[in-house]
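See below for the structure under consideration.
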Number of protein chains: 2
Amino acid sequence: MLTTADQNYIKAIYRLQLGNEAVSTSALAAALGVTPASVSGMLRKLSRSNVLIHQRYKGVRLTARGRLAALQVIRRHRLIELFLVEILGLPWDSVHKEAERLEHVVSDEILERMDVLLGHPAVDPHGAPIPSHNGRIASHAGVRLAELDAGARGTVSEVADHDPDLLRYLSDIRLTPGAEVAVIDRLPFDGTVVITVSGRQQHVSAGVASAVWIETT
Amino acid sequence: MLTTADQNYIKAIYRLQLGNEAVSTSALAAALGVTPASVSGMLRKLSRSNVLIHQRYKGVRLTARGRLAALQVIRRHRLIELFLVEILGLPWDSVHKEAERLEHVVSDEILERMDVLLGHPAVDPHGAPIPSHNGRIASHAGVRLAELDAGARGTVSEVADHDPDLLRYLSDIRLTPGAEVAVIDRLPFDGTVVITVSGRQQHVSAGVASAVWIETT
DNA sequence: AAGAAAAGTTAGGATTGCCTAATTTAGATT
DNA sequence: AATCTAAATTAGGCAATCCTAACTTTTCTT
Ligand SMILES: [Mn+2]
Ligand SMILES: [Mn+2]
Ligand SMILES: [Mn+2]
Ligand SMILES: [Mn+2]
């Protein structure tokens, strides 16, 4: 059985591996908030349970089993987030942290009930796709707002979910999944993007703009 | 901070301590499914954090702090059970085990939302009172069905929540909290109780009858 | 290509919570 | 009061997961 720590490591590797290159020990350590030494130890242990392949000094990759395990944890995480927002009415900026704990303890039966109650939803509160039971996941359609040029328009498909402050700010300026956005201009010197969202014109910093994905229309 | 193990120990001591005598190491070990040696170790640790007082070879008692902590965990447990039954629609015989894990990881914010959504309920799905925030709890009104004599009548106030098989059986025969019961007879030789519940006459064994509490009318 | 810097691993240790086996204490029996 | 038994405790270990410090390997710079 995979422990909570195992699941967190596997999930972090999955996220860092998008693009499919091997994940470095230090990147993992940074993502998990532990020391590189701890990561080395855990990787040795996890490779024994065949969820990943670790090449000493070269990095780590999930196996098919590891990838499935990661997607199942992500499914739990995202369903729980949506449940907390939709059914319990928690603010969307706080549910990520909650789901980070609950994803390891909610039973399959409870998760199934949540899924049914939510009507088999396709995306979480931040617009991220919810993987299916067997690890199928919709591919990420969308470009970072930071990469769009003046004249582009589209719909917000997803926003980064980690930072509560950022999420509250995005709520404030209506830059949430589903919102219609038009890019008016991009300032060349610092990447600030000038946009129109729900009728209003806004300036968003390059940092914020790279935390928002747009599906162009 | 109290760990999951700490909380389970404290809760078990609270339950065994009803009546207020000190709880023995072996009783605790049996309740928690660990060895007496493990209990001795944990008691030493817990007494350092002032939730209980352990007199070597004499037994253990919760302090006021420990009692409050126990009641807060019990509050979580019971609210979660009710939430799982009422909102998620899980069967009442399965929620105890789920709550046993979730009680340690659900945040105060989530718990508060559950409480509101459920309308500040007074009892859990098995009829057990839900302690308040600050550790106030309704006293247990009711006598075991096993102790009633022919002619007695009343309402089921609570049933034992641990055994799923027993709970399914009680559901089957309608002997659930709120049900009206009349005692027709009690067989002297083995304690079997003959009752009427929702129009039907039933024989229940002494074991079952001692798992059901009745508030007599 | 040599040396320095960065990245990664190993060694050794802490903590938590459990175990078994050995020992000690309390309480009951004679 | 001595002895036996049952209960409880201590001693010594193990697995998981983290840490710091020391060492090794890879990569970058010159
Ligand atoms: Mn999230
Ligand atoms: Mn997590
Ligand atoms: Mn229960
Ligand atoms: Mn528990």
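Just the heavy atoms: all of them, side chains too, but no hydrogens, waters or symmetry mates, feed the values below.
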Between [X] ([atom1]) and [N] ([atom2]), how many Å, whole number?
X: B/L32; N: C/dC19; atom1: CG; atom2: P; result: 10 Å
X: A/R48; N: D/dT17; atom1: CZ; atom2: C1'; result: 13 Å
X: A/L43; N: D/dT17; atom1: CG; atom2: P; result: 13 Å
X: A/Y57; N: C/dG8; atom1: OH; atom2: P; result: 10 Å
X: A/K58; N: D/dT26; atom1: NZ; atom2: P; result: 6 Å

Give a yes or no answer on whether the side chain of [X] reaches the backbone of [Y] with a donor-acceptor pair at less than 3.5 Å.
X: A/S38; Y: A/V34; value: no
X: B/R136; Y: B/P131; value: no
X: A/R186; Y: A/L148; value: yes

Within less than 4.0 Å of OP1 or OP2 of C/dT9, is there a side-chain N or O belonging to A/H54? yes
Looking at B/S26, I'd like to know whether one of its side-chain N or O atoms comes within less than 4.0 Å of OP1 or OP2 on D/dA8. yes
Is a salt bridge present between [X] and [Y], judged by a nitrogen-to-oxygen distance below 4.0 Å?
X: A/E158; Y: A/R144; value: no
X: B/K11; Y: B/E100; value: yes
X: A/D108; Y: A/R76; value: yes

Once you apply a heavy-atom cut-off of 4.0 Å, does A/T35 come out as touching a base, just sugar-phosphate, or nothing? base
Between B/W92 and B/V85 the two heavy atoms that sit nearest each other are CA-CG2, 4.0 Å
Residue among A/D115, A/N134, A/D124 satisfying side chain to side chain donor-acceptor pair (under 3.5 Å) with A/R75: A/D115
Taking the ring centre of each residue, are B/H96 and B/H126 less than 6.0 Å apart? no
Between the protein and nucleotides 12-17 of chain C, list the N/O to N/O atom pairs that are separated by less than 3.5 angstrom.
residue	atom	partner	partner atom	Å
C/dG17	OP1	B/T3	OG1	2.6
C/dG17	OP2	B/K45	NZ	2.4

Grab the N/O contacts between the protein and nucleotides 10-12 of chain D below 3.5 Å, and write none if there aren't any.
residue	atom	partner	partner atom	Å
D/dT10	OP1	B/R56	NE	3.3
D/dT10	OP2	B/R44	NH1	2.7

